[in-house]
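Below is one structure; the comments refer to it alone.
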Amino acid sequence: MPTQFLNFDLPENHNLYPSTSLALGNCNSLRYYAEMASKLAQDGRFNDSLMIAESVVVSGVNAVEFADLLNVKLVSSGIVRLLEEGKVGSVVELLNGAMQLGIDPLKLLDRGAINSLSQECRRTMECGEIEEIVSFMETLKGCGMPIKDFVRPYEIIRLCVSQRKPNAAVRYAHIFPHADIMFCTIILEFGKKGDLVSALTVFEASKQNQDTPNLYIYRTIIDVCGLCGDYLKSRSIYEGLIAIKNTPNIYVFNSLMNVNSCDLSYTLDIYKQMQKLGVPADLTSYNILLKSCCLATRVDLAKEIYGELKLLELAGAMKLDVFTYSTLIKVFADAKMWQMAIEIKKDMLSAGVTPNIVTWSSLISACANAGLVDQAIQLFEEMLQAGCEPNSQCYNILLHACVEACQYDRAFRLFRLWKEHALQKDNCEDFGSKTDNTIDLSSTLVVSASIPNCTSASPRGHFSMRVPFRPTTSTYNILMKACGSDYYRAKALMEEMKEVGLSPNHISWSILIDICGGSGNVEGALQILRAMRDAGIQPDVVTYTTIIKVCVENKDFKSAFSLFVAMKRYQIKPNMVTYNTLLRARSQYGSLLEVQQCLAIYQDMRKAGYKPNDYYLKQLIEQWCEGVIQNGNQRKCNFSTRNRTDLGPESMILEKVAEHLQKDSANSISINLRGLSKVEARIVVLAVLRMIREKYTAGDSIKDDVQIFLGVQEVGIRAVRHESVVKEAIIKLLQHDLGLEVISTAPRIGNDRNQDGINHPDKYSKVEENAERVILRANVHFPTRRPVVLQKLRITKESLQSWLIRRLDAPAVHR
DNA sequence: ATAGGGTTAG
């Protein structure tokens, strides 16, 4: 018997040894202890109450028998009181304690207590104490309470998601008998918030106590990868599934293909894998493949798939649906093949598939992309006649069609028409109820099918239908584009957007910048960029590219470059368009700094993984380098036509030039021509000379000879020949074209037919050539015995100096 | 349970 018992404030005549008396089978005693426990609970002394219960149970009494004798009202009032005092912990202990003794905690609770518990749940929820609420839920669930009635599971999940608490969410999921379903919901919710890290945490936790993977969860996390833009992650999740020798089902495959639809080759690969694993593709699989073709602009392949699908349909194995046809229409719409899109529509109708709003939108978009506004409007009317209600997106496509075709007035007329109808409707319904002058465009409007300016042969419809017209931010953005160069009109539209309760987004601001900058107002455009930031809208890569374009167009290269630096500081990754906009800034290079800046951008572009395939840039650099040779346009022209064929797309010339122009010219200059072709070597040498000239003009003196490394003899006769060709060309360039003094400072290898012969007797080279053959064979076993002979040229300091002075006397042509 | 349409920069 616990000694604490003695300290209790017990009623008179109590028996300190319940077990003894109970052993005597005294029913009254049991009733007595139950009452005592109840009273203690009423006073909030749960520990003591539990102690009695424990003793009773230990003495061999059935817990249920004892529980039946407890006074629910008393116990419940104690629970209510403690909850009011905020002592949730004690209540939890009581409930857990009862359970351990085999007493159903539900038997201790009346309606009032349950209400209090429910209130406590709500309070904890409102305080956002997610860990507490989950613990509480665990207890309540353990007691067999209907926790779903206390707090809706979705609320708890949302709280976990907003607080980024994946572990709490996992604990909560485990409360449910079918935790997997909860896991999916949770993963998806994290995904919708873009929190892939948390989603993955939940995913990993869900794998813990599972002998076989739940494919539903796998599918969900793959979808979430797509939602969060990390499609590569979805691949590793799929590989994880394959690694544990599990065959994914069609849902996993379809999701994986969908998430990776931006990569057609991968999608096709997965398609093949599923065939290999014996998972038959369904219509969704094919629809996703079509989507992937669409994204990859592979019209041919999409056609092929369509052909196969038609065969399958003929065989009765498939029934193409509205998704198939809509996607196909999109394929052709994007490819500007509007007739084909119309063909698909015919196919669809004859197959008995009804076009829906998406199909119609894609069809309208097909005409829009082809610049056929009348056709687009005709289709719009046809859609209305078919009883299909347009939505905002559809309106936007139509407006965009007008804008693309530069029919700005028409776009505004359509917009005004739709808006007026909305107002009419609004006035009819609650006339005079509006006190402010804001326009509620969210109501339904009546639109007549007869649209102004419709020159097509379409029937002037006398029907009208109820059409919801809700302009979106997109609608206004398109209209802002329709302002052409009218900056104030665009600005007014942005104001109107705010008045109707829409928020301008980064696109709206970018358009405004474009329009402002289009009129040559660089400073104004820069101001808008600042205003945008002040408004809390973060510029994106397009915003920056737009404003860089504005600067470039107005020859403000300094601002363009500093904007480029700024965007990188804001961790906005430039893309191909950004780089090209910057690199195409100049039609000719002047200063060394300009060239260095440009090459830095070029190198950055390469580092970012963009293919440097810019002939224009190469041409500019070559032009700049050639500028160092003054005499004769003839030679220059000659050269530029020749080198365009010589510099293949693989040429690393810009990289090489960049490398040399970055060198610190304060120290001695050296030029490394190893591995370069004749043409490339020429450009690099000229680039360095031009740099020297620029630096000299700026006040730097010539400190040393310029070293030119031609390469190391190591590859064999062929390489030697090639190198001597380069060497000859460079010597010719330096001596003949530029009048510089060149000294060859290394023992020559191979048959050099050059005339400069300062210190190379012919017999020496013969010996070397013979030695080469021998060494090549021996080299396999004794690599260290291979002689490494560096080919080197040197331009003397003195001749450079006199060259530079000559330069100054006769100013350069290319400036 | 999976899938589809609109707006910005070259």
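Note on naming: letters A, B, ... go to the chains in the order of the sequence lines (proteins, then strands), and numbering restarts at 1 for each one. Every value quoted in this text rests on a predicted model; they were computed, and no experiment measured them.
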Selected nucleotide, minimal atom distance to [X] side chain, candidates [options]:
{"X": "A:Thr546", "options": "B:dT8, B:dA9, B:dG4", "result": "B:dA9"}
{"X": "A:Asn356", "options": "B:dT8, B:dT2, B:dG4", "result": "B:dG4"}
{"X": "A:Lys549", "options": "B:dG5, B:dT2, B:dA9", "result": "B:dA9"}
{"X": "A:Asp540", "options": "B:dG6, B:dA3, B:dT8", "result": "B:dT8"}
{"X": "A:Phe323", "options": "B:dG4, B:dT2, B:dA9", "result": "B:dG4"}
{"X": "A:Asn391", "options": "B:dG5, B:dG10, B:dT7", "result": "B:dG5"}
{"X": "A:Thr327", "options": "B:dG10, B:dT8, B:dG4", "result": "B:dG4"}

Assign [X] to base, sugar-phosphate, or nothing according to its heavy-atom contacts below 4.0 angstrom with the strands shown.
{"X": "A:Ser255", "answer": "nothing"}
{"X": "A:Val322", "answer": "base"}
{"X": "A:Ile357", "answer": "base"}

Worksheet item: How about A:Leu196 and A:Leu200: do any of their side-chain heavy atoms sit closer than 4.5 Å?
Response: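 They are in contact (side-chain heavy atoms under 4.5 Å apart), so the answer is yes.
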Discussion item. Is it the case that the side chains of A:Ser510 and A:Thr543 hold a donor-acceptor pair, with the cut-off being a distance below 3.5 Å and no angle test?
Written reply: yes
Worksheet item: Regarding A:Tyr306 and A:Asp347, is there a side-chain donor-to-acceptor distance under 3.5 Å anywhere?
Response: yes
Any donor-acceptor pair, under 3.5 Å, between the side chain of [X] and the base of [N], if you only look at N and O atoms?
{"X": "A:Ser361", "N": "B:dG5", "value": "yes"}
{"X": "A:Tyr251", "N": "B:dA1", "value": "yes"}
{"X": "A:Asn396", "N": "B:dG6", "value": "yes"}
{"X": "A:Thr472", "N": "B:dG6", "value": "yes"}
{"X": "A:Asn575", "N": "B:dA9", "value": "yes"}

Worksheet entry | Ring centre gap for A:Phe323 and A:Tyr286 strictly below 6.0 Å | no
Worksheet item: Is it true that A:Tyr218 and A:Phe203 have ring centroids separated by less than 6.0 Å?
Response: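 They qualify: ring centres under 6.0 Å apart.
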Fill in: Interatomic distance, A:Phe253 CZ vs B:dA3 C1' [rounded to whole Å]
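Spelled out: CZ on A:Phe253 to C1' on B:dA3 is 17 Å.
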